[in-house]
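Notes follow the structure.
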Amino acid sequence: MATISASGVSLSWLSQLPSSSSSSSSSSSSWPSHRRGATQIKMTVSVEKKKFTTQKSEEIFNAAKELMPGGVNSPVRAFKSVGGQPIIIDSVKGSRMWDVDGNEYIDYVGSWGPAIIGHADDEVIAALTETMKKGTSFGAPCLLENVLAEMVIAAVPSIEMVRFVNSGTEACMGVLRLARAFTGRQKIIKFEGCYHGHADPFLVKAGSGVATLGLPDSPGVPKAATSDTLTSPYNDIETVKELFAANKGEIAAVILEAVVGNSGYIEPKPEFLNALRQITKENDALLIFDEVMTGFRLSYGGAQEYFGITPDLTTLGKIIGGGLPVGAYGGRREIMEMVAPAGPMYQAGTLSGNPLAMTAGIHTLKRLQEPGTYEYLDKITGELTQGILEAGKRAGHEMCGGYIRGMFGFFFAGGPVYSFEDAKKSDTAKFAKFHRGMLEEGVYLAPSQFEAGFTGLAHTSEDIQQTIAAAEKVLRQI
Ligand SMILES: Cc1ncc(COP(=O)(O)O)c(C=O)c1O
């Protein structure tokens, strides 16, 4: 492999990187020879645990910092809030990730959600390989778009028509324009700590990376772009009522994460979603569920199916692209028919609906349709969350947390956590120590207190037990 040098940084390590077919291994579990289907993976118990070293990761990240802002292409990846340098991933399979130093991790980030059936699933890879032979992008309609659209429409209660885009951010941008076009109104209500991608109107009390880095609302966002964005604490229906009363006939939509994953994990209070459905109806405003994270994760029909509340519009992403870049928005036919070229609301995309993303999405959803999927996610995520919380209690830490199906989280705080304000009470310094300790024990958690964790079908009971044992050890040390 050629050696390149950027900004005077020697990249001589490039030639030493393990390739995906490499069988070089410093422990029996570091570089599995199997690389089989996610569901078939059996953990090999290391005879001798490999020493945790990060030299190659550090070299690569130091070089990356000269090449890309902060060394990354998405802020939370940089580990800023948990300290230490990020590890550089070389490959993934099933529930596992391997870094460039040969360390193996049980992964609870799952590429931030898409990997719900396990990383690099054999069937998805095989289907992608076949599709790829026909080309990667047509820039013209293809049958695969129909197939995935039918699957999404059949699954998600609120969606009668769908538009595919390339990311969750794009989906949220599109849905906002559509809500404004349909209602002829400008204002929207969003909730503090909910993240709807990085488009200007949503960068107000935005959770996720903005919360993780403790950033004020981003410079560069024109005042005019956010002047119609009203905010309320999550789970606070009284504030929402006040906003509607003070802005009569002006509010186009209320948008939210029906279960928050971008302030850490926060559940809606039992009546919150119902009350939002009612108040939006009473005021002829649209209710938008941002299901980029919860779609096909809380249940096959998403949070709306799980809670039995049907919004007017829905955004999706992550899982429906099976690990390839994708997003979507959809809803009632009469609203969706406003989207160009059926209607006047313009939105377009060079790579939208490309055959690769459609293929990965179709095969991921097919797997999720198998009986027992969500029961299994519920079971293992419950065991994991309970196990970590009990370990925390035994170690004398004040902790709280929760889970639904394949999504979980915990805080180093007494709780309950119903809002971003509550979440901020968590001891983030302690979380940082916990995160680093878990990493060294071979468990990859989201590098932020303000991000939910994800489980998937590839996580085995052994993975869960191993993770709880690691947590027990780390929680006693911090
Ligand atoms: C709820 C929610 N909406 C929107 C987005 C933005 O999606 P993307 O990162 O694909 O642009 C995210 C990303 O994490 C998300 O969690």
Side-chain angles (χ1 to χ4, degrees), residues 72-78 108-116 156 163-179 188 190-213 218 229 231 234 253-268 273 287-298 302-304 306 311 313-330 347 349 351-352 354 357 360-361 364 404 406-409 420 423 446-454:
V72 290
N73 285 303
S74 196
V76 181
R77 293 180 199 170
Y108 293 102
V109 178
S111 191
W112 301 97
I116 192 164
V156 184
R163 165 62 58 89
F164 292 114
V165 293
N166 300 292
S167 69
T169 294
E170 240 190 280
C172 293
M173 285 166 63
V175 91
L176 174 60
R177 186 175 304 143
L178 178 58
I188 56 158
K190 82 172 278 291
F191 293 92
E192 293 168 11
C194 281
Y195 179 64
H196 304 296
H198 63 83
D200 287 351
F202 294 120
L203 281 187
V204 185
K205 300 184 179 169
S208 192
V210 189
T212 299
L213 302 177
S218 176
T229 306
T231 60
Y234 192 74
V254 174
I255 185 167
L256 79 157
E257 296 176 68
V259 171
V260 185
N262 285 295
S263 308
Y265 172 88
I266 305 178
E267 289 174 16
L273 300 179
L287 180 62
I288 306 172
F289 275 13
D290 179 352
E291 297 231 38
V292 168
M293 200 178 262
T294 54
F296 293 91
R297 178 165 289 282
L298 298 199
Q304 53 200 270
Y306 185 93
L313 290 166
T314 299
T315 55
L316 296 166
K318 302 189 191 269
I319 289 175
I320 59 158
L324 275 88
V326 102
Y329 59 97
Q347 183 271 308
L351 293 173
S352 297
N354 75 77
T364 300
I404 297 180
M407 188 171 168
F408 69 94
F420 186 45
S448 164
Q449 174 67 96
F450 302 119
E451 300 284 356
F454 299 121

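Everything numeric here is computed off the predicted structure, so don't read it as measured data. Atoms within a ligand are numbered from 1 in the order they appear, just like the ligands themselves.
Looking at W112 against ligand 1, nothing comes within 4.0 Å, counting heavy atoms. Here T315 has no heavy atoms under 4.0 Å from ligand 1, in either its backbone or its side chain. Neither the backbone nor the side chain of H198 has a heavy atom within less than 4.0 Å of ligand 1.
Judged purely by atom type and a 3.5 angstrom limit, Q304 has no side-chain atom pairing as donor or acceptor with the backbone of P311. In this structure, the side chain of Q449 does not engage the main chain of G264 through any donor-acceptor pair within 3.5 Å. Checked by atom type and distance alone, the side chain of K190 pairs as donor or acceptor with a backbone atom of V204 at under 3.5 Å. Without hydrogens or angle criteria, R297 side chain to M407 main chain gives no donor-acceptor distance under 3.5 Å.
The closest approach between E170 and ligand 1 stays at or above 4.0 Å for every heavy atom of the residue.
Near H196, meaning under 4.0 Å from any of its heavy atoms, are these atoms of ligand 1: 3 (N), 4 (C). Distances below 4.0 Å separate heavy atoms of T169 from the following atoms of ligand 1: 6 (C), 7 (O), 8 (P), 11 (O). Close approach of ligand 1 to M293 is summarised as follows: ligand atoms under 4.0 Å from at least one heavy atom of the residue are 16 (O). Atoms of ligand 1 found under 4.0 Å from any heavy atom of E257 (numbered from 1 in listed order, with element): 1 (C). Within ligand 1, the atoms closer than 4.0 Å to a non-hydrogen atom of D290 are 1 (C), 2 (C), 3 (N), 4 (C), numbered from 1 in the order shown. Below 4.0 Å from some heavy atom of G168 lie the following atoms of ligand 1, by number and element: 6 (C), 7 (O), 8 (P), 10 (O), 11 (O). The atoms of ligand 1 that sit less than 4.0 Å from any heavy atom of S167 are 10 (O), 11 (O). Near G197, meaning under 4.0 Å from any of its heavy atoms, are these atoms of ligand 1: 4 (C), 5 (C), 6 (C).
Of the listed residues (N262, V326, V292, V259), the one carrying the non-hydrogen atom nearest atom 16 (O) of ligand 1 is N262.
Not a single side chain to side chain donor-acceptor pair (under 3.5 Å) links Y234 to another residue, sequence neighbours left out. With sequence neighbours excluded, the residues forming a ring-ring contact (aromatic ring centres under 6.0 Å, His included) with F202 are H196, listed by chain and number.
Note that OG of S167 is 6.0 Å distant from NE2 of H198, once rounded to the nearest 0.5 Å.
Residues I288 and Y329 fail the side-chain proximity criterion, which asks for heavy atoms closer than 4.5 Å. Between L176 and P201 there is a side-chain heavy-atom pair separated by less than 4.5 Å.
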